[in-house]
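Following: one structure in structure tokens, then a few remarks.
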Amino acid sequence: MASAKITQTLQNLRKQLRKQQLQMYWVPASDEHLNEYVPPNKRRLEALTGFTGSAGTGIFCLDGKHHLFVDSRYHLQAEQEVDENLFEIHKLGKQGVLEPENWMANLQQNKQGQTLRVGIDPFIISVFQFNRTLKKIAEGGVILMAVSPNLVDLSLEGKRPLAPAQVIFPLDLNKAGVRSDEKLRKVRESMKKQNVDVLCLTELDEIAWITNLRGSDIPHNPVFESFALVTKNKAYCFCHAESNGVELKTRRTCWEFYPYDAFLPFLKKIVEQESGQIWMDAKHTTMGIYTTIPDSSRIYNRTNPVAELKALKNPVEIACSEQAHRHSGKAKIRSFVHLEQQIAQAQHISEASYALDLYEFYASEPGFTDLSFPTIAAYGPNSAMVHYSTPDPRQFLKAGGLLLVDSGIQGNGGTTDDTRTIVIGTPDDRQREIYTHVLKAHIRLASQIFPEGTTGSGLDAITRADLWNSGMDFGHGTGHGVGAFLNVHEGPFRISPMAHDSGIPAGVILSNEPGYYETGWSGIRLENLYVVVVLDHLEPHPSGKKWLGFRPLTMIPFERKLICPEMLGSHEKKWLNQYHEEVLRQIGPMLENPVEQAWLEHACKIFA
């Protein structure tokens, strides 16, 4: 049942719809920066639904039920968190379930023959998504209206949390690897090549990367709320820094700092002063910002240069990531040893208590700053929820069940993300068989050699091949990019069925996380992070391209009890043995406790 606060906010929203003469209102989970993770004062979809997932779309109606659209990662979570007396949950990916814009396009005109009018805040939807939705729903006679200010904000009646304004701090060169002024020089080279006068940046991780500054405005993401503009000769950052950024100016002399709210007026002024093109990526810029440019022909719409430069890690960033993964791996291994000891002593351990223990192991490591996202500790049927949210203090770990632990840290200048599925006690044959199928998929990608220019969609299909042949699949992408002491999910490179637009280059850090999820049973996911490297020892590709491969960053053994050696081919055993040898080599010397050392040695034993 929805809380009284949610019910009241929904009632207030309907009053706003009547005032605006709207029949529906579109609310995505994103904010003015199109973030995946948003600050508390921008969690508008959660305020209206109770849904805490990082992706989803709400369609709020003047009459009848409201509608929540979620992808397969959040099907079960939405069922648990959202009041189905108030909402119809649309589980995207299931047969016959339409995307929000297609669903609206199929709606008939209302009983009075009036055209349906749907409102959207143009400052929280991308240009690309707005135009796609506009075109699609127009086919069904539905009108999309840009409405500002945001109607959810008005409906909350001043009860929103305060805007974040945490301390912004410089990232030292021994972690950034390249000075901010050098990054600006490379960006301006791209601007000059494309004959662009102004580059507009709105995504927080891009601004944090190019300024070599970090913050904590978004939980678990070391970024700060900001906008940025880069011209031929100057660079401007708009943020919540005290004294209009005077202190930051002394740290970053290549930047000028202004209050956060000064961005839009400043942008309009810059557009008037500059006569050339303005670089805005329509997929990563809001419609509200886009329409501040009077002449849309002046907008240069293409993936901005910062996105790719940020994704291609320099040697210092890779070294910091390796260091972070060693400490993260050590902490997670220690948590597994501790868990086994607690289970052997018949202690009652819940998902929540394990997650707390894991946090304490992480926090004990030097250089630890924060988790990179809220830990997923999902036992039994809960592990079938791909993005299971808060570990449950009432869900205790029992013998024979699977525990999926997806977690990571920010620290030592790096960002980590890994998933292990372990068994409490003794596994059954089906658990071992399915686990081994997922492991084979993981090894297939981890050991894959591919030429430059290979797309993420091609690698995704290769990863799924064994699962497909066994009648299994998973409903999320195989891999995402990861930042360097930045967001745990990073573009533009990824491994998924949709990643057919660009080839995977050397230097990017990507996850490898195949899985299998069965409602009412369990879920299994096995995730490592890898850096893409050039394989110089191989003969050149017939076309002259370089051969690329994956080097593991994550150093955590796979669950030995769940592996069926007889299902692994010789190539797969070789990869697994070499990986475990490397885990033992790197993490073994870091463990001081003999019990932990013995546990790791057993976990990394060679498979004959």
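- With hydrogens and angles disregarded, no donor-acceptor distance shorter than 3.5 Å links the side chain of Ser383 to the backbone of Leu404.
- Within the 4.5 Å cutoff, the side chain of Arg188 has heavy atoms near those of the Val230 side chain.
- Among all heavy-atom pairs drawn from Val488 and Phe373, the shortest one is CG2-CD2, 4.0 Å.
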Evaluate side-chain contact (heavy atoms from CB on, under 4.5 Å) for Val306 paired with Val187, printing each intermediate quantity in order. CA-CA 7 Å; Val306 176; Val187 166; 3.8 Å; yes

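- In summary, the side chains of Thr419 and Asp406 do present a donor paired with an acceptor at a separation below 3.5 Å, with no hydrogens or angles considered.
- Side-chain contact, Glu206 with Asn304: a donor N or O sits under 3.5 Å from an acceptor N or O.
- With rounding to the nearest 0.5 angstrom, the CG atom of Leu213 is 8.5 Å from the CG atom of Leu171.
- Between Trp279 and Tyr300, the angle of the ring planes goes over 60°, which puts this pair in the perpendicular group of the 30/60° scheme.
- Glu582 and Arg551 are not joined by a salt bridge, as no carboxylate oxygen comes within less than 4.0 angstrom of a charged side-chain nitrogen.
- Side-chain contact between Ile504 and Leu459: present, with at least one pair of heavy atoms (C-beta onward) separated by less than 4.5 Å.
- Judged by distance alone, the side chains of Thr52 and Gln77 do bring a donor and an acceptor atom under 3.5 Å apart.
- The aromatic rings of Phe450 and Phe550 are tilted relative to each other, their planes meeting at an angle between 30° and 60°.
- Val127 is not listed as a side-chain neighbour of Thr286, based on a closest heavy-atom distance of 4.5 Å or more.
- Across every non-hydrogen atom of His476 and Glu513, the tightest pair is CE1-O, 3.1 Å.
- In this structure, the side chain of Thr285 engages the main chain of Asp281 through a donor-acceptor pair within 3.5 Å.
- Ring to ring, Phe558 and Tyr579 are close: their centroids are under 6.0 angstrom apart.
- Under a cut-off of 6.0 angstrom, the local environment of CG in Asn195 is sparse, with at most 12 non-hydrogen atoms contributed by other residues, nucleotides or ligands.
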Evaluate the criterion salt bridge (charged side-chain N to carboxylate O under 4.0 Å, His left out) for residue pair Glu581 and Lys605; output intermediate values, then yes/no. CA-CA 8 Å; Glu581 286 175 357; Lys605 281 178 61 177; over 6 Å; no

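- With rounding to the nearest 0.5 Å, the separation of CG in Leu339 from CG in Leu403 is 7.0 Å.
- The structure places NZ of Lys561 at 11.5 Å from OH of Tyr435, a figure rounded to the nearest 0.5 Å.
- Classification of Arg420 and Glu559 as a salt-bridged pair fails, no side-chain N sitting under 4.0 Å from a carboxylate O.
- Atom-to-atom distance recorded for Leu402:CG and Asn382:CG is 12.0 Å, nearest 0.5 angstrom.
- In this structure, Tyr354 has its ring center at least 6.0 angstrom away from the ring center of Tyr359.
- Looking at heavy atoms from C-beta onward, Cys604 lies in side-chain contact with Val583 at the 4.5 angstrom threshold.
- Residues Phe227 and His33 place their aromatic rings such that the two centres sit under 6.0 Å apart.
- Between the side chain of Ser72 and the main chain of Gly475, a donor-acceptor pair closer than 3.5 Å is present.
- Ser447 and His571 share a donor-acceptor pair across their side chains, judged by distance under 3.5 Å alone.
- Side-chain atoms of Val533 and Val531, non-hydrogen and from C-beta on, do get closer than 4.5 Å to each other.
- With a 4.5 Å cut-off on side-chain heavy atoms, Asn577 and Trp575 do not count as touching.
- Between the side chain of Glu317 and the backbone N or O of Asn314, at least one donor-acceptor pair lies under 3.5 Å.
- Looking at His437 and Asp466, their side chains do bring a donor and an acceptor atom within 3.5 Å of each other.
- Here the closest heavy-atom approach between residue Ile587 and residue Arg326 is recorded as CD1-O, 3.5 Å.
- For Lys310 and Glu490, the salt-bridge test passes: some basic side-chain N is under 4.0 Å from an acidic carboxylate O.
- Between His327 and Phe361, the ring centre distance reaches or exceeds 6.0 Å.
- In this structure the side chain of Leu568 reaches within 4.5 angstrom of the side chain of Thr436, judged on heavy atoms.
- Surrounding NZ of Lys135 are at most 12 heavy atoms belonging to other residues, nucleotides or ligands under 6.0 Å away.
- In the displayed structure, Asp429 atom CG is contacted under 6.0 Å by at most 12 heavy atoms of other residues, nucleotides or ligands.
- For the pair Arg464 and Phe474, the distance from NZ or CZ to the six-membered ring centre is under 6.0 Å and the angle to the ring normal is within 45 degrees.
- Atom OG1 of Thr415 is separated from atom CD1 of Ile509 by 8.0 Å, given to the nearest 0.5 angstrom.
- Taking the ring centroids of Tyr388 and Tyr74, they lie at or beyond the 6.0 Å cut-off.
- Within the 4.5 Å cutoff, side-chain heavy atoms of His220 are placed close to those of Pro374.
- Although no hydrogens or angles enter the test, the distance criterion places a donor-acceptor pair under 3.5 Å between the side chain of His442 and the main chain of Leu526.
- A salt bridge does not link Lys186 with Glu189: none of the charged nitrogens is closer than 4.0 Å to a carboxylate oxygen.
- Remark: the backbone N or O of Lys175 is not paired with any side-chain donor or acceptor of Asp172 at under 3.5 angstrom.
- Using a cutoff of 4.0 Å between basic side-chain nitrogens and carboxylate oxygens, Glu566 and Lys573 are not scored as salt-bridged.
- In this structure, a donor-acceptor pair under 3.5 Å is absent between the side chains of Glu601 and Gln597.
- Using a 4.0 Å cut-off between charged nitrogen and carboxylate oxygen, Arg179 and Asp181 count as a salt-bridge pair.
- Inspection of the Tyr516 and Arg525 side chains reveals no N or O donor paired with an N or O acceptor under 3.5 Å.
- Checking Asp460 against Thr478 by side-chain atom types alone, a donor-acceptor pair falls below 3.5 Å.
- In this structure, the side chain of Arg494 engages the main chain of Met498 through a donor-acceptor pair within 3.5 Å.
- Residues Lys332 and Ser407 have side chains that bring a donor and an acceptor to within less than 3.5 angstrom of each other.
- The environment of Lys574 atom NZ is sparse: at most 12 non-hydrogen atoms of other residues, nucleotides or ligands sit within 6.0 angstrom.
- Atom NZ of Lys546 sits in a sparse spot, with 12 or fewer heavy atoms from other residues, nucleotides or ligands closer than 6.0 Å.
- The number of heavy-atom neighbours closer than 6.0 Å to NZ of Lys283, taken from other residues, nucleotides and ligands shown, is 12 or below.
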With side-chain contact (heavy atoms from CB on, under 4.5 Å) as the criterion, how do Glu308 and Thr303 come out once you've worked through the C-alpha distance, each side chain's angles and the decisive distance to 0.1 Å? CA-CA 8 Å; Glu308 184 166 335; Thr303 300; 5.9 Å; no

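- Smallest separation of non-hydrogen atoms from Gly477 and Ser496: CA-CB, 3.9 Å.
- Under a 3.5 Å cut-off, the side chain of Asp71 and the backbone N or O of Gly56 do not form any donor-acceptor pair.
- Between atom CG of residue Asp417 and atom CG of residue Leu553 there is a gap of 11.5 Å, rounded to the nearest 0.5 Å.
- Looking at every heavy atom in both residues, Thr554 comes nearest to Asp418 through CG2-CB, 3.7 Å.
- A side-chain N or O of Thr133 and one of Gln129 form a donor-acceptor pair less than 3.5 Å apart.
- For the pair Asn487 and Val223, the tightest heavy-atom approach, listed with the atom from each and the gap, is OD1-CG1, 3.7 Å.
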